[in-house]
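Structure record follows, encoded as structure tokens.
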Amino acid sequence: MALSQVDAPIYEALRRFRRMRVVPFDVPGHKRGRGNMELTEFLGEDCMNVDVNSMKPLDNLCHPVSVIKDAEELAAQAFGAENVFFMVGGTTSAVQSMIMYTCKEGDKIIMPRNVHRSAINALILTGAVPVYVDPDVNHQLGIALGMSVAQVEKAIRENPDAKAIMVNNPTYYGVCSDLKRITELAHSYGMLVLADEAHGTHFYFGEGFPMSAMAAGADIASASMHKSGGSLTQSSFLLMGKKINSDYMRQIVNLTQTTSASYLLLSSLDISRKRLALSGREIFAKTVEMAQYARDEINSIGGYYAFSSELINGDSVFDFDVSKLSVYTLPIGLAGIEVYDLLRDEYDIQIEFGDIGNILAYVSVGDRKRDIERLISAMSEIKRRFGRSGSGMLTQEYINPIVAEPPRKAFYAQKRSLPLEEAAGNVCTEFVMCYPPGIPILAPGELITPEIIEYIKYAKEKGCQMTGTEDINIERLNVLA
């Protein structure tokens, strides 16, 4: 019998399996929760009963032939892709698989520098060489934008031997490049197009959003279902177009993906795909409505700037994701991370992230009108209670890097440790980033400059969560020996 989007094969198989009352002499060792009652009381029996191992009735993610294969085919139909893989290592795993499929050691890949760290990690794993397109910057907001088509074309002409081009669709802040034109340009030179759609799952199901990667003709895309799609944290989709050999891609994925895939994650992907395929238009219309209401109210407070599609310039901001609630905070004299901390510590509101100049509150269908009102009220109070002059605030969020060595070579090279204040002029061998958003301030192989050191010290002082370095306090940096 042909399946349709009302079906959820993995979820349905788990329900059938639960009714079978099979006696487990396999892993996991908690044996449907009986072996760890404290955990079962915390997560619930229903959850523990379906935390099971791969077996014939439930298929195997490494080599799916039944219910997982059916669920992946339904996902491909829903996303307009040729093939889709379920990913249980997060979108990090999907991004790395895209790059590992297209690039071997020494191969070039064109990409914006404001990629997630997972993409640069993939360069370390593969030995691929990045050709960075430094994105335009909005100097008022201090944020990196998209890649202009002219910048991409210049990179292609100067590097016609590059294997692929990677595009953020959208950036963390909601900015989109002209993905369709970039894809057409790349394909005319025989290059594949990879799209990091960690924050763009809803593009496939809502109306009025920027163009999705599959609709633009991109070859591979990574879609974080757990962000705007409603699935469990760490679950993701890898979407593939017609040019991609999915059998070989499965081999690439299996190099790093677990052989013990969580059926909690798999079923959450299956159920969430069904939900979006059937009701996505209504779900995301409500999300956009709430985000726009929050933007209007926050802008009416004064000082804050909740930015949106008015940033569109037809090129480096070709389109904008209006479901994003990104707010510029410096005019009230507070760094984004300071507003982030105040919302959590004073008002019990946890937003997605705060950086030097901006915050991002993630709005989804799971939000309620009263939650939005509470956020607006808290931001108004923060301005009144803690606002001050914005003079003397560091405004530059994104700093164009100077690449001295390929990431893999620098990461594995002989290194020495220097105090942060003495590191200028050396080549970094590790990452430095605020997480989230996880876009490196420094990546292996990049030159450490006085401007970058000032930025790191300022971000630490303001309370940004800094990660990536061997020294957990980021008082020292590893550099080429």
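- Of the charged side-chain nitrogens involved, none lies within less than 4.0 Å of a carboxylate oxygen, so that Glu12 and Lys274 do not count as a salt-bridged pair.
- Taking the six-membered ring for Trp, Phe209 and Tyr204 have ring centres at least 6.0 Å apart.
- No more than 12 heavy-atom neighbours from other residues, nucleotides or ligands sit within 6.0 angstrom of NZ on Lys69.
- Looking only at atom types and distance, the side chain of Gln292 has a donor-acceptor partner in the side chain of Asp296 under 3.5 Å away.
- The six-membered or imidazole ring of Phe205 lies away from that of Phe284, with a centre-to-centre distance of 6.0 Å or more.
- Partner Arg32 forms a side chain to side chain contact (heavy atoms under 4.5 Å, CB included) with one of Val52, Val50, Asp51, Thr40 and no other, that one being Val52.
- In this pair, Phe320 and Phe307 present their aromatic rings perpendicular. The plane angle is above 60°, beyond the 30 to 60° band.
- Aromatic ring centres of Phe79 and Phe237 lie closer together than 6.0 Å.
- With respect to the salt-bridge test (charged N to carboxylate O, under 4.0 angstrom), the residues Arg374 and Asp371 do not qualify.
- In summary, Asp247 and Arg250 do not engage in a salt bridge, as defined by a charged side-chain N under 4.0 Å from a carboxylate O.
- For Tyr248 and Tyr101, the ring centers are positioned less than 6.0 Å apart.
- Both tests hold for Lys369 against Tyr293: distance to the six-membered ring centre under 6.0 Å, angle to the ring axis within 45°.
- Taking the six-membered ring wherever Trp is involved, the centroid distance between the rings of Tyr172 and Phe353 falls below 6.0 Å.
- Residues Ser235 and Ser268 approach most closely at OG-OG, 3.7 Å, considering heavy atoms.
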